[in-house]
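Read through the structure below, which is laid out as structure tokens, and then see the notes.
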Amino acid sequence: MISELRINDRIRVPEVRLVGPSGEQVGVVRVDQALHLAQEAGLDLVEVAPNAKPPVAKLMDYGKYKYEAAQKAREARRNQANTQLKEIRFRLKIDEHDYETKKGHVERFLNGGDKVKVMIMFRGREQSRPELGVKLLERLADDVAELGTVESMPRQDGRNMTMVLGPVKRKKMAKSQQRRSHQDGRPVKRNRQAEKDARKAARAAAAKAEQK
């Protein structure tokens, strides 16, 4: 997706709908004028929506944009690779001590960012009482609600009934935000004056567009 974006002189359309570096709408301007604004601000002109009419282009630091997009892609791949599916098996007539022990395993897996497949194994005539299996799984889901959410509702398959729990998103987001905060703590060179100049130039271009 990043490699397909056209920037600066590679943009071959006569005019674009220009967006400033902070997201402000400038309006429809000629490409040569947009390129001039980008050059004055020390930024790039990036065609972010080529299929729009006219195409939408934005003033931005393209190198920084590519770096941040690559970071997000790596983070997504890392989260996907780190997530595993654990399995915990219950008996329908489980005693309270065993239930608490297995619930602790489920909580530990969810807290570690893994999904958990909970399986109830029916014996003999227990298969005729699937509602008891559903009740046990619902109890477990309620007990671990702070750490996990039900991704696959209880479903019976022959002698077994299964349910899949996934870690709550807020825990994943908190870990991701913590990593980003650590990275953001490192010094990053930013052309703040260039961005201010671009916003000023963008407003001027908008005023000219309104006068026409």
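What's counted below: heavy atoms across the whole structure, side chains too, no hydrogens, waters or symmetry copies. Numbers here simply count residues along the sequence, with the first being 1.
- In terms of heavy-atom proximity, Val46 sits nearest to Ile11 at C-CD1, 4.4 Å.
- Hydrophobic clustering keeps Val134 apart from Met119 (ILVMFWY residues linked when any side-chain heavy atoms are closer than 4.5 Å, directly or through intermediates).
- Side chain of Asp44 to backbone of Asp61: no donor-acceptor contact under 3.5 angstrom is found.
- Note that the NE2 atom of His36 and the CD atom of Glu40 stand 3.5 Å from one another [nearest 0.5 Å].
- No more than 12 heavy atoms of other residues, nucleotides or ligands lie within 6.0 Å of CD in Gln39, so this atom counts as exposed by the packing criterion.
- Taking CD of Glu126 as the start and NZ of Lys93 as the end, the distance is 5.5 Å to the nearest 0.5 Å.
- In terms of heavy-atom proximity, Leu45 sits nearest to Ala34 at CD2-CB, 3.7 Å.
- Side chains of Glu151 and Leu165 form no contact here, defined as non-hydrogen atoms less than 4.5 Å apart.
- Side chains of Leu43 and Pro21 form a contact here, defined as non-hydrogen atoms less than 4.5 Å apart.
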### Task
Starting from the C-alpha separation in whole Å, work towards a yes-or-no answer on side-chain contact (heavy atoms from CB on, under 4.5 Å) for Leu147 and Val106.
CA-CA 9 Å; Leu147 297 174; Val106 172; over 6 Å; no

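- Under a cut-off of 6.0 angstrom, the local environment of CZ in Arg30 is sparse, with at most 12 non-hydrogen atoms contributed by other residues, nucleotides or ligands.
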### Task
Give the intermediate values and the outcome of side-chain contact (heavy atoms from CB on, under 4.5 Å) for residues Val31 and Leu35.
CA-CA 6 Å; Val31 167; Leu35 287 170; 3.8 Å; yes

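- The two residues Ile94 and Lys102 have their closest heavy-atom pair at CD1-CD, 3.9 Å.
- Under a cut-off of 6.0 angstrom, the local environment of NZ in Lys103 is crowded, with over 12 non-hydrogen atoms contributed by other residues, nucleotides or ligands.
- With hydrogens and angles disregarded, no donor-acceptor distance shorter than 3.5 Å links the side chain of Asp114 to the backbone of Lys86.
- For the atom pair CE of Met60 and OG of Ser22, the computed distance is 11.5 Å after rounding to the nearest 0.5 Å.
- Side-chain contact between Val118 and Thr162 is absent, with no heavy-atom pair separated by less than 4.5 Å.
- Looking at Asp98 and Phe90, their side chains never come closer than 4.5 Å, going by heavy atoms from C-beta outward.
- In this structure, Gly23 and Lys58 approach most closely via the heavy-atom pair N-CE, 4.4 Å.
- When the side chain to side chain donor-acceptor pair (under 3.5 Å) test is applied to Glu87, the partners found at least two apart in sequence or on another chain are Arg89.
- Among all heavy-atom pairs drawn from Ala52 and Val56, the shortest one is CB-CG2, 4.0 Å.
- Using a 4.0 Å cut-off between charged side-chain N and carboxylate O, Glu138 and Lys135 make no salt bridge.
- Gln33 places none of its side-chain heavy atoms less than 4.5 Å from the side chain of Leu18.
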### Message
Does Arg123 form a side-chain contact (heavy atoms from CB on, under 4.5 Å) with Leu92? I'd like the steps, not just the answer.
### Response
CA-CA 8 Å; Arg123 290 178 175 177; Leu92 186 62; over 6 Å; no

#### Entry: Trace of the side-chain contact (heavy atoms from CB on, under 4.5 Å) decision for Leu110 with Val116
CA-CA 7 Å; Leu110 292 172; Val116 183; 4.0 Å; yes

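- With a 4.5 Å cut-off on side-chain heavy atoms, Lys115 and Pro167 count as touching.
- Taking CZ of Arg17 as the reference point, atom CD of Glu47 lies at 13.5 Å (rounded to 0.5 Å).
- The distance from atom CD of Glu131 to atom CG of Leu136, rounded to the nearest 0.5 Å, is 12.5 Å.
- Annotation for Asp95: atom CG counts as buried by contact number, over 12 foreign heavy atoms lying within 6.0 Å.
- Shown here is Arg155, whose CZ atom has no more than 12 heavy atoms of other residues, nucleotides or ligands within 6.0 Å.
- To the nearest 0.5 Å, atom CG of residue Leu137 and atom CD1 of residue Ile120 are 3.5 Å apart.
- Residues Leu59 and Ala38 approach most closely at CD2-CB, 3.5 Å, considering heavy atoms.
- Between Tyr99 and Asp143, some side-chain heavy-atom pair lies under the 4.5 Å cut-off.
- Other residues, nucleotides and ligands place more than 12 heavy atoms under 6.0 Å from the CE atom of Met121.
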